[in-house]
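So the structure is just underneath, and the comments pick up after that.
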Amino acid sequence: DLAFSTPAVMQYYYLEVNHRNPVMKRKEVRQAIARLLDMDKFIATQLNGLARGIGGPVPPGKAYYHDGLKPVQFDPAEAASLLKAAGWIDSNADGTLDCMINGKRIELVIQLSVSGKETGKNLAILLAEEAARIGMKMELISKETAVFMKDLNEFNFELATMAARQSPSLWDPFQAW
């Protein structure tokens with residue numbers, strides 16, 4: 001008998017956040033961004049439905065995977081509510097939310113860095129489209145991989161699409177984090 005199977009690949013996509021940035025270090029902004037990512041749509045359109053959302057960097061196949069950690073659910077209305085409660089409003093009616101931070105009015109414009117990989121770019125596009133609907137502007141910045149990694153290491157970014165792959169053998173999270 002001949003049998004076909006699709007082996008599990010321990011790979012996940014995530015957003016790298018620069019917590020040193022005055023906008024990105026605000027919890028409500030990060031929580032709103034998490035709720036703007038439509039993972040079901042991303043999995044269906046970019047991964048042919050052959051994936052599942054997880055709530056952290058440990059893949060479900062590992063013995064120490066925590067079933068209680070659930071992915072943040074797509075909820076643009078909740079994202080908008082979080083931002084409004086934190087003081088983000090469109091005070092000048094230009095379509096982009098703004099807020100006073102350290103005595104300055106800051107527009108909610110986030111630079112979203114992407115490397116050359118199509119899946120990461122498509123993730124960024126999906127996120128930027130949802131963000132625009134609630135008044136958050138995301139500027140997609142495409143970079144060559146070496147420049148992208150250099151900027152990450154030097155904290156010269158605000159938000160970045162990332163992917164990580166793990167071997168099915170023993171995994172030491174301290175190597176990656």
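All figures in this text were calculated on a predicted structure; none of them were measured in a lab.
The shortest side-chain heavy-atom distance between Asp94 and Glu107 falls under the 4.5 Å cut-off. No side-chain heavy atom of Lys137 sits less than 4.5 Å from a side-chain heavy atom of Ile110. Counting heavy atoms from C-beta on, the side chains of Phe148 and Ser113 come closer than 4.5 Å. In this structure, the side chains of Leu36 and Arg133 stay at 4.5 Å or more apart for every pair of heavy atoms. Inter-residue side-chain proximity for Met138 and Leu127 is flagged as met; some heavy-atom pair is nearer than 4.5 Å.
Checked against ring-ring contact (aromatic ring centres under 6.0 Å, His included), Phe42 has the following partners two or more places apart in sequence or in another chain: Tyr13. With sequence neighbours excluded, the residues satisfying side chain to side chain contact (heavy atoms under 4.5 Å, CB included) with Lys121 are Val114, Glu118, Ser142.
Under the 4.5 Å side-chain heavy-atom criterion for grouping Ile, Leu, Val, Met, Phe, Trp and Tyr, Leu152 is not connected to Val17 through any hydrophobic cluster. Under the 4.5 Å side-chain contact rule for hydrophobic residues, Leu47 and Tyr12 do not share a cluster. The cluster map of Ile, Leu, Val, Met, Phe, Trp and Tyr, joined by side-chain heavy atoms under 4.5 Å apart, puts Ile33 and Val109 in different clusters. In the hydrophobic cluster analysis, where Ile, Leu, Val, Met, Phe, Trp and Tyr join through side-chain heavy atoms closer than 4.5 angstrom, Leu15 is grouped together with Leu108. Linking Ile, Leu, Val, Met, Phe, Trp and Tyr whenever their side-chain heavy atoms come within less than 4.5 Å puts Ile43 and Leu123 in one cluster.
With hydrogens and angles disregarded, a donor-acceptor distance shorter than 3.5 Å links the side chain of Gln73 to the backbone of Pro71. Of the possible donor and acceptor atoms, one in the side chain of Glu144 sits under 3.5 Å from a partner among the backbone N and O of Ala146. Side chain of Asp90 to main chain of Gly95: a donor-acceptor pair is present (N/O by atom type, distance under 3.5 Å, no hydrogens or angles). Here the side chain of Glu16 pairs no donor or acceptor atom with the backbone of Met162 at under 3.5 angstrom. The closest donor-acceptor contact from the side chain of Asn18 to the backbone of Phe155 lies under 3.5 Å. Side-chain atoms of Thr45 come within 3.5 Å of backbone atoms of Lys41 as a donor-acceptor pair (strictly under, hydrogens ignored).
Closest of all the heavy-atom pairs between Ala79 and Ile134 is CB-CD1, 4.0 Å. Minimum interatomic distance between Ala128 and Leu140 (heavy atoms only, all atoms of both residues): CB-CD1, 3.6 Å. Nearest approach of Leu112 to Ala124, heavy atoms of both residues: CD2-CB, 3.6 Å. In terms of heavy-atom proximity, Val58 sits nearest to Ile54 at O-CD1, 4.0 Å.
Here the CG-CD distance, from Leu159 to Glu139, works out to 12.5 Å after rounding to the nearest 0.5 Å. Rounded to the nearest 0.5 angstrom, Asn156 CG and Arg20 CZ are separated by 11.5 Å. A distance of 8.0 Å separates CH2 in Trp88 from CE in Met136, rounded to the nearest 0.5 Å. Between the SG atom of Cys99 and the NZ atom of Lys104 there is a distance of 14.5 Å, given to the nearest 0.5 Å.
A salt bridge is defined here as a Lys NZ or Arg NE, NH1 or NH2 lying under 4.0 Å from an Asp or Glu carboxylate O, and Asp98 with Arg105 meets this definition. Between Glu154 and Lys150 a salt bridge is recorded (basic side-chain N to carboxylate O distance below 4.0 Å).
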Indicate every side-chain donor-acceptor pair of residues 22-30 with a distance under 3.5 Å to a residue at least two apart or in another chain.
unit_1, atom_1, unit_2, atom_2, d
Arg30, NH1, Met24, O, 3.1
Arg30, NH1, Lys25, O, 2.8

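Atom NZ of Lys143 has more than 12 heavy atoms from other residues, nucleotides or ligands within 6.0 Å.
Side-chain contact annotation: Asn122 with Gln46, donor-acceptor N/O pair under 3.5 Å present.
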